[in-house]
S.K.: 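Structure incoming, see below.
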Amino acid sequence: YRAQFLCLLSRLMAAEAERAHGRIREAWQAVARSFPELALWLDFRQRINERLWEGGAAGRPRSRSRSAARGGGRSKWGVREVAGAGGQFSRWAMRWRTAIIAVLP
């Protein structure tokens, strides 16, 4: 359950940073200091994100309209299809996506 908790903390801190234009409140900084493995989790997510898109992070779609953010044109899992994503998934990502689809219903 700790990994799920770290993921939740990461998402909350990212939402806080987005809300406050990149700054987080001091209370969140104290939480981050209490969980040093949170930095490892963020690094892990960043590395996966770099492998996900062709061309690394540079190939990642940067902006979304509000309608797209609310689910317009998105798949059930919140990931747009390759053609509509504004970027191309890497071969590595496509292999993993195929394997996960085969395992999960």
Side-chain angles (χ1 to χ4, degrees):
Y1 295 113
R2 190 166 179 95
Q4 291 172 333
F5 182 68
L6 288 174
C7 183
L8 175 67
L9 278 179
S10 171
R11 288 175 178 260
L12 287 172
M13 290 175 66
E16 172 75 13
E18 186 175 324
R19 183 190 66 80
H21 307 291
R23 303 181 128 223
I24 58 172
R25 289 179 275 182
E26 193 170 325
W28 283 109
Q29 294 172 359
V31 170
R33 284 190 299 271
S34 298
F35 295 94
E37 63 268 40
L38 193 57
L40 293 171
W41 174 254
L42 292 172
D43 185 49
F44 175 68
R45 293 225 22 208
Q46 179 183 0
R47 288 175 187 251
I48 287 178
N49 195 26
E50 288 171 0
R51 289 194 72 181
L52 179 63
W53 300 101
E54 285 291 334
R60 179 179 180 217
R62 289 190 182 93
S63 63
R64 295 185 301 187
S65 68
R66 290 184 75 81
S67 62
R70 290 185 181 142
R74 298 179 91 189
S75 73
K76 176 180 177 181
W77 303 107
V79 177
R80 290 173 158 235
E81 296 300 320
V82 176
Q88 293 293 320
F89 287 126
S90 67
R91 282 188 280 152
W92 176 84
M94 292 304 292
R95 283 194 309 260
W96 273 104
R97 190 171 190 213
T98 303
I100 290 172
I101 289 171
V103 172
L104 298 177

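Just so it is clear, the model here is predicted, and its values are computed rather than measured.
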S.K.: Indicate, with yes or no, if I48 and W53 share a hydrophobic cluster defined by side-chain heavy-atom contacts under 4.5 Å among Ile, Leu, Val, Met, Phe, Trp and Tyr.
M.R.: no

S.K.: Same cluster for L9 and L40 if Ile/Leu/Val/Met/Phe/Trp/Tyr side chains link at under 4.5 Å?
M.R.: no

S.K.: With rounding to the nearest 0.5 Å, note down the distance linking CZ in F35 to CE in M13.
M.R.: 11.0 Å

S.K.: Is F89 linked to I101 within one hydrophobic cluster, defined over Ile, Leu, Val, Met, Phe, Trp and Tyr using a side-chain heavy-atom separation of less than 4.5 Å?
M.R.: no

S.K.: Does W28 have more than 12 heavy atoms from other residues, nucleotides or ligands lying within 6.0 Å of its CH2?
M.R.: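 It does: W28 CH2 has more than 12 such atoms within range.
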
S.K.: Nearest 0.5 Å please: distance from the CZ atom of R33 over to the CD atom of Q29.
M.R.: 6.5 Å

S.K.: Calculate, to the nearest 0.5 Å, the distance between atoms CD and CZ belonging to E37 and F5 respectively.
M.R.: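 If I round to the nearest 0.5 Å, the distance is 9.5 Å.
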
S.K.: State plainly whether one hydrophobic cluster holds both L42 and L52, where clusters connect Ile, Leu, Val, Met, Phe, Trp and Tyr through side-chain heavy atoms under 4.5 angstrom apart.
M.R.: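 Cluster IDs for L42 and L52 differ.
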
S.K.: Without swapping roles, check the side chain of T98 against the backbone of M94 for a donor-acceptor pair under 3.5 Å.
M.R.: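 Judged by distance alone, yes, a pair lies under 3.5 Å.
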
S.K.: Could you grab the distance from atom OG of S90 to atom CZ of R97, nearest 0.5 Å is fine?
M.R.: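 Separation between the atoms: 11.5 Å.
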
S.K.: Salt bridge or not between E16 and R19? Use side-chain N to carboxylate O under 4.0 Å.
M.R.: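 A salt bridge links E16 with R19.
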
